[in-house]
Every structure is written in C-alpha cells, then in structure tokens.
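Shown next, in structure tokens, is the structure this report addresses.
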Amino acid sequence: MKRIKYKADLDAQQLQWFQRQVLDWYRREGRDLPWRKTMDPYHIVVSEILLHQTTVKTVQPIYEKFLDTFPTIQDLAAAPLEAVKYITDPLGYKVRGSWLHQIAQTVVNDYAGQFPQTLEELLALPGVGRYTAGAVLSFAFGNDAPIVDTNVNRFIGRYFGIEYKRTNAEIQHQLWAVAEAIVPTGQAREFNNALMDMGAMVCTARKPYCLVCPVSQSCIQLQDDGVRAAEERVQYRIRERAQGS
DNA sequence: AAACCGGGGAA
DNA sequence: TTCCCAGGTTT
C-alpha cells in the first residue's frame with residue numbers, strides 16, 4: 001500500500017485486501033458491546049453521546065442504567081432534565097445530559113418520534129457532529145457512511161501515512177475522504193466497528209501491537225519507523241507477556 | 001486555530 | 001504526573 005492523501009491514490013486490489021484483513025480480524029477478535037446488539041437509533045445516539053471522550057469501560061454501566069431509566073425516547077423527552085443529568089453528570093462533560101434531553105424532545109415533537117435519516121438533519125441536533133451523525137447513519141440505518149473517531153483517526157492515519165496528530169483542516173479532510181473511500185459497499189456497520197476495534201485494541205495510542213496487526217505488512221507508519229523501531233515494539237510486548245499481562 | 005469542557009483509568 | 005479516552009461547541 002502506497003502513502004495516500006486522496007482517494008484517487010487508492011489501489012483497488014490492495015484496498016480489497018485491506019478490507020478483507022480488517023473484517024476477518026474483527027470477526028475473530030472484535031469486542032461484543034451492548035450498543036452493538038441494537039439498531040435502534042435512540043439507543044445508538046445515547047451510546048455515542050455518552051462515549052464522547054469517555055472510555056468504553058466507564059460508559060457501559062451508565063448506558064445500561066440510562067436505558068433502564070428511560071426505555072423509550074418518549075420517556076426521555078418527558079423526563080425532568082434533573083433526572084437525566086443525575087445519571088449522566090458523573091461521566092463528566094456535563095452538557096451531554098441536556099443534549100440528550102433536547103434531542104429526545106426534538107425528535108418527539110418535530111419528527112413524530114422517528115429519528116431523521118439525513119446527515120444534514122442529524123448535524124442540526126445538539127451534540128451531534130460529523131462523527132456521531134456517521135455513527136447513527138451506519139450503525140442504526142445501515143448507510144455506507146464513514147466515521148472518524150480517535151481510533152479510526154489513528155489507525156488509518158498511521159496505515160495510510162497521514163499525519164493524523166495534526167489537527168488542521170486539510171489533514172481532517174484527508175482522513176474523512178479516506179474513511180469514506182474505504183467503506184465496503186453494504187458493510188459500513190461491521191467495517192466501521194472493525195476500524196474502531198483495530199484502533200482500540202491493536203493500533204493503540206501508545207505501544208501499538210504491530211506484532212499481531214493483520215495489516216502491518218503494508219503499514220506506512222511502520223515502514224517509516226523502520227525495522228529497529230518495529231523490533232523494539234515486538235520485544236516490548238514479549239517482555240510484557242512474560243511478566244503476565 | 002485554539003480554548004474549553006471533565007472524570008477516570010493506565011503507564 | 002502525564003497521557004488518553006467512540007467529540008462537539010464556542011471564542
């Protein structure tokens with residue numbers, strides 16, 4: 001795989017290989033998470049907003065408690081804001097409780113309880129940016145919509161040789177363009193989850209597990225780091241394993 | 001483009 | 001202690 005900046009740089013053959021490797025790995029090693037058992041857009045939105053800058057482990061019990069307390073979007077819309085914040089505030093970023101409350105009221109009052117299914121309408125909801133909108137479109141509605149969260153940002157940034165740590169507009173545009181170009185037709189739900197799990201479990205922020213990465217052989221970042229860095233990375237993980245996780 | 005919001009876990 | 005976490009909004 002060559003270093004790419006635009007989707008025109010993608011080689012169709014190599015892209016197909018990449019998609020296959022990532023999907024196969026996901027079917028073997030992917031995480032089984034509560035919000036992956038549903039396609040209800042209400043459940044998806046709740047999970048995604050709770051997951052903003054918040055770890056999966058921290059969110060899981062809160063997610064269960066939230067839906068247990070507000071089983072339907074009508075329940076959430078009718079609840080007092082304080083009851084919502086009581087559950088969500090302990091996570092930090094305390095504005096998220098009111099975001100969810102407002103979203104519920106908007107969907108119930110303006111959309112007859114049915115979530116909007118267009119990018120534009122979703123982006124108009126409070127607390128819903130490009131990532132969350134893409135998550136709803138792909139996870140709930142099965143659209144071939146891309147997502148770029150911190151995991152995807154890092155994984156495809158490294159693999160395709162994009163300077164993912166820089167936050168300027170051009171880099172972000174490139175990452176989104178690549179994320180959109182690599183989604184396999186009709187498989188966005190599974191593939192987007194796979195990309196996130198790769199970022200969370202293999203292509204980690206610190207000390208990535210290149211040793212067990214299914215696409216390491218064509219990773220630009222690994223090539224740039226060189227053989228010596230790659231070897232050190234492997235040795236680090238071997239020592240770690242010897243000490244017993 | 002940079003600041004801001006935040007508690008919690010891992011290194 | 002620092003770094004990082006399924007981001008988005010405001011300045």
Side-chain angles (χ1 to χ4, degrees), chain A residues 22 26 30-39 41 43-66 85-103 106 119-140 145-158 163-173 175-176 179 183 188-209 232-233 236-237 239-241 243-245:
Chain A
V22 169
Y26 177 65
R31 294 173 293 184
D32 186 22
L33 301 171
W35 42 88
R36 288 181 177 169
K37 297 177 163 85
T38 178
M39 291 178 62
H43 294 194
I44 298 296
V45 165
V46 169
S47 71
E48 295 302 340
I49 288 188
L50 295 184
L51 284 162
H52 287 177
Q53 293 291 288
T54 311
T55 56
V56 164
K57 177 179 289 188
T58 303
V59 167
Q60 261 191 36
I62 305 296
Y63 169 80
E64 308 282 6
K65 182 176 179 183
F66 189 99
K85 289 175 65 64
Y86 178 77
I87 296 178
T88 58
D89 277 3
L91 288 174
Y93 287 111
K94 302 180 182 177
V95 71
R96 290 182 290 181
S98 59
W99 280 349
L100 283 169
H101 195 238
Q102 286 179 246
I103 289 171
T106 299
L119 180 61
E120 184 182 2
E121 289 172 304
L122 287 169
L123 289 176
L125 299 171
V128 177
R130 185 81 192 273
Y131 163 75
T132 305
V136 172
L137 289 174
S138 61
F139 298 146
I147 56 168
V148 178
D149 74 327
T150 186
N151 293 306
V152 179
N153 179 72
R154 182 176 56 246
F155 176 41
I156 69 177
R158 282 172 176 163
E163 296 179 43
Y164 65 95
K165 287 183 180 176
R166 307 245 310 219
T167 58
N168 67 62
E170 187 184 351
I171 298 290
Q172 287 306 306
H173 178 77
L175 285 163
W176 276 98
V183 173
R189 179 187 164 95
E190 200 170 15
F191 188 72
N192 284 342
N193 277 322
L195 289 180
M196 285 197 288
D197 276 8
M198 280 295 299
M201 302 166 68
V202 176
C203 200
T204 49
R206 290 175 289 198
K207 308 282 187 182
Y209 294 76
E232 286 176 4
R233 208 163 286 168
Y236 176 87
R237 290 302 179 186
R239 283 200 303 277
E240 183 183 62
R241 176 172 299 187
Q243 292 171 3
S245 72

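Labels below follow one simple rule: chain letters A, B, ... track the order of the sequence lines, proteins then strands, and each chain is numbered from 1. All figures in this text were calculated on a predicted structure; none of them were measured in a lab.
- Between A:T58 and B:dG7 there is no side-chain polar atom (N or O) within less than 4.0 angstrom of OP1 or OP2.
- At the heavy-atom level, A:A169 lies under 4.0 Å from the strands shown only through sugar-phosphate atoms.
- When each of A:F139 and A:L123 is assigned the nucleotide of DNA chain C bearing its nearest heavy atom, the one mapping closer to the 5' terminus is A:F139.
- Note that OG1 of A:T54 and OH of A:Y63 are 15.0 Å apart. Values are rounded to the nearest 0.5 Å.
- Contact annotation: A:K57 does not reach the phosphate of C:dC5 (side-chain N/O to OP1 or OP2, under 4.0 Å).
- With rounding to whole Å, A:L51 atom CG is found 15 Å from B:dG6 atom C1'.
- In this structure, the NZ atom of A:K207 is 15 Å from the P atom of C:dC3, given to the nearest Å.
- A residue-by-residue look at A:G127 and A:A205 shows that A:A205 has its nearest nucleotide of DNA chain C further toward the 5' end.
- Using a 4.0 Å heavy-atom distance criterion, A:T132 is classed as a sugar-phosphate-only contact.
- Between the base of B:dG6 and the side chain of A:Y93 there is a donor-acceptor pair shorter than 3.5 Å.
- Side-chain atoms of A:R166 and base atoms of B:dA1 include no donor and acceptor less than 3.5 Å apart.
- Between A:L50 atom CG and C:dG8 atom C1' there is a gap of 14 Å when expressed in whole angstrom units.
- The NE2 atom of A:H52 lies 12.0 Å from the CG atom of A:L91; values are rounded to the nearest 0.5 Å.
- Atom pair A:L91:CG and C:dC4:P shows a separation of 21 Å (rounding to whole Å applied).
- If you check B:dA1, C:dC5, C:dA6 against the side chain of A:Q53, the one that comes closest is C:dC5.
- B:dA11 and C:dA6 are spaced 14 Å apart, taking the P atom of each and rounding to whole Å.
- Side chain A:T54 to base B:dG6: a donor-acceptor pair is found below 3.5 Å.
- Base contact: A:L33 has a heavy atom under 4.0 Å from a base atom.
- Out of C:dA6, C:dC4, B:dG6, the shortest distance to the side chain of A:R206 is found at C:dC4.
- In this structure the side chain of A:H43 never reaches within 4.5 angstrom of the side chain of A:F66, judged on heavy atoms.
- Atom P of nucleotide C:dC4 and atom CG of A:N153 are separated by 12 Å, given to the nearest angstrom.
- Between the A:R189 side chain and the A:R36 main chain, a donor and an acceptor come within less than 3.5 Å of each other.
- If you take OH of A:Y209 and C1' of B:dA10, they are 11 Å apart, rounded to a whole angstrom.
- Counting to the nearest Å, the P atom of C:dG7 and the CH2 atom of A:W176 are 11 Å from each other.
- The gap from the P atom of C:dC3 to that of B:dA3 amounts to 16 Å, rounded to the nearest Å.
- Side-chain proximity of A:K94 to the nucleotides B:dG6, C:dC5, C:dA6 is greatest for B:dG6.
- Among the protein residues, A:V152 comes within range of no part of the nucleic acid, since none of its heavy atoms lies under 4.0 Å from any strand.
- Using a 4.0 Å heavy-atom criterion, one finds that A:W99 contacts the sugar-phosphate atoms exclusively.
- Taking the side chain as every heavy atom from C-beta outward, A:R154 and A:P208 never approach each other to under 4.5 Å.
- One N or O on the side chain of A:S98 and one on the backbone of A:V95 form a donor-acceptor pair closer than 3.5 Å.
- As rounded to the nearest Å, B:dG8 and C:dG8 have P atoms that lie 22 Å from one another.
- In this structure, of C:dG7, C:dA6, B:dA11, it is C:dA6 that holds the atom nearest to the side chain of A:V56.
- The side chain of A:T150 contributes an N or O atom lying less than 4.0 Å from OP1 or OP2 of C:dC5.
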As a quick check of understanding, evaluate side-chain contact (heavy atoms from CB on, under 4.5 Å) for A:K165 and A:I171, giving each step before the final call.
CA-CA 9 Å; A:K165 287 183 180 176; A:I171 298 290; over 6 Å; no

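- Atom CZ in A:F191 sits about 16 Å away from atom C1' in C:dA6, given to the nearest Å.
- The side chain of A:R154 contributes an N or O atom lying less than 4.0 Å from OP1 or OP2 of C:dC5.
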